[in-house]
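Keep in mind that what you see is a predicted model, and the values were worked out from it rather than measured.
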Amino acid sequence: MAKIKLETEDFIFEVTEELVCYDEIGREGADKWAADFRTWLADGRKKKNIVTSGGKTYFVIEDEGEIFDIADEYLDAVENSKTDEYWKNFQ
């Protein structure tokens, strides 16, 4: 199955729109995820799901279900006060 390449801003939009649907997260929490994602992206470490092509940066996912998984994992991290661990293990 072909992987899906989303420009990073499109990826951020998709995940934050999913996160907004969770009452526990809402717009403020979704915006925090987006800011933390940008920090994670800029930290200089190699990322297995990040590719650059034609001057653009993409986040590669297996399928659209991965967006929901990322949102669910973040919700779980927020509810368990483990967002630091979430970002440490994020790929």
Side-chain angles (χ1 to χ4, degrees):
M1 178 191 275
K3 295 184 182 222
I4 301 170
K5 281 186 354 183
L6 293 170
E7 283 191 47
T8 52
E9 288 304 313
D10 292 337
F11 172 73
I12 290 168
F13 175 80
E14 293 295 332
V15 174
T16 56
E17 287 303 296
E18 186 62 28
L19 288 170
V20 167
C21 297
Y22 294 114
D23 291 336
E24 301 88 340
I25 304 286
R27 174 55 61 193
E28 187 176 318
D31 289 345
K32 173 141 180 43
W33 181 90
D36 290 347
F37 176 81
R38 287 184 178 98
T39 299
W40 172 85
L41 188 62
D43 74 8
R45 293 187 317 221
K46 177 119 175 84
K47 315 282 197 271
K48 72 175 186 174
N49 290 344
I50 299 294
V51 295
T52 304
S53 175
K56 295 182 179 182
T57 303
Y58 299 90
F59 194 91
V60 180
I61 58 174
E62 293 293 326
D63 57 44
E64 290 181 10
E66 202 168 329
I67 298 288
F68 303 112
D69 292 343
I70 289 167
D72 288 345
E73 288 169 12
Y74 187 69
L75 173 63
D76 189 50
V78 167
E79 289 179 336
N80 293 295
S81 300
K82 294 189 175 186
T83 54
D84 288 344
E85 191 174 309
Y86 171 89
W87 287 111
K88 188 166 65 174
N89 297 320
F90 189 82
Q91 277 296 324

Could you tell me if the side chain of Phe11 sits less than 4.5 Å from the side chain of Tyr58, heavy atoms only? no
Mind checking salt bridge (Lys or Arg N to Asp or Glu O under 4.0 Å) for Lys5 and listing every partner two or more places apart, or none if nothing turns up? none
In this structure, are over 12 heavy atoms from other groups packed under 6.0 Å from Glu28 atom CD? no
Name all residues meeting the side-chain contact (heavy atoms from CB on, under 4.5 Å) criterion together with Glu24; count only those two or more places apart in sequence or in a different chain, and write none if there are none. Tyr22, Leu75, Glu79
Beyond-backbone contact of Tyr74 with Lys32, side-chain heavy atoms, under 4.5 angstrom: yes
Residue set satisfying side chain to side chain donor-acceptor pair (under 3.5 Å) with Asn49, at least two apart, ordered chain then number -> none
Rounded to the nearest 0.5 Å, what's the gap from CD1 on Ile4 to CG on Asp63? Could you check? 6.0 Å
Gap separating the NZ atom of Lys56 from the CD atom of Glu7, nearest 0.5 angstrom: 4.0 Å
Keeping Thr39 on the side-chain end and Ala35 on the backbone end, is there a donor-acceptor pair under 3.5 Å? yes
Is the shortest heavy-atom distance from the side chain of Glu9 to the side chain of Arg38 under 4.5 Å? yes
Take atom NZ of Lys47 as the centre, draw a 6.0 Å sphere, and report whether it contains more than 12 heavy atoms from other residues, nucleotides or ligands. yes
Would you tabulate the side-chain donor-acceptor contacts of residues 13-20 under 3.5 Å, counting partners in other chains and residues two or more places apart, or write 'none'?
from	atom 1	to	atom 2	distance (Å)
Thr16	OG1	Ile12	O	2.9
Thr16	OG1	Phe13	O	3.1
Glu17	OE2	Arg27	NH2	2.9

Those residues at least two apart in sequence (or on a different chain) that pass salt bridge (Lys or Arg N to Asp or Glu O under 4.0 Å) with Asp76 are none
Can you check side chain to side chain contact (heavy atoms under 4.5 Å, CB included) on Thr57 and Val51, steps first, answer last? CA-CA 6 Å; Thr57 303; Val51 295; over 6 Å; no
Give the table of side-chain donor-acceptor pairs shorter than 3.5 Å for residues 82-90, with sequence neighbours excluded, one pair per line with atom names and distance.
from	atom 1	to	atom 2	distance (Å)
Tyr86	OH	Trp33	NE1	3.1
Tyr86	OH	Ile70	O	3.4
Asn89	ND2	Glu85	O	3.2

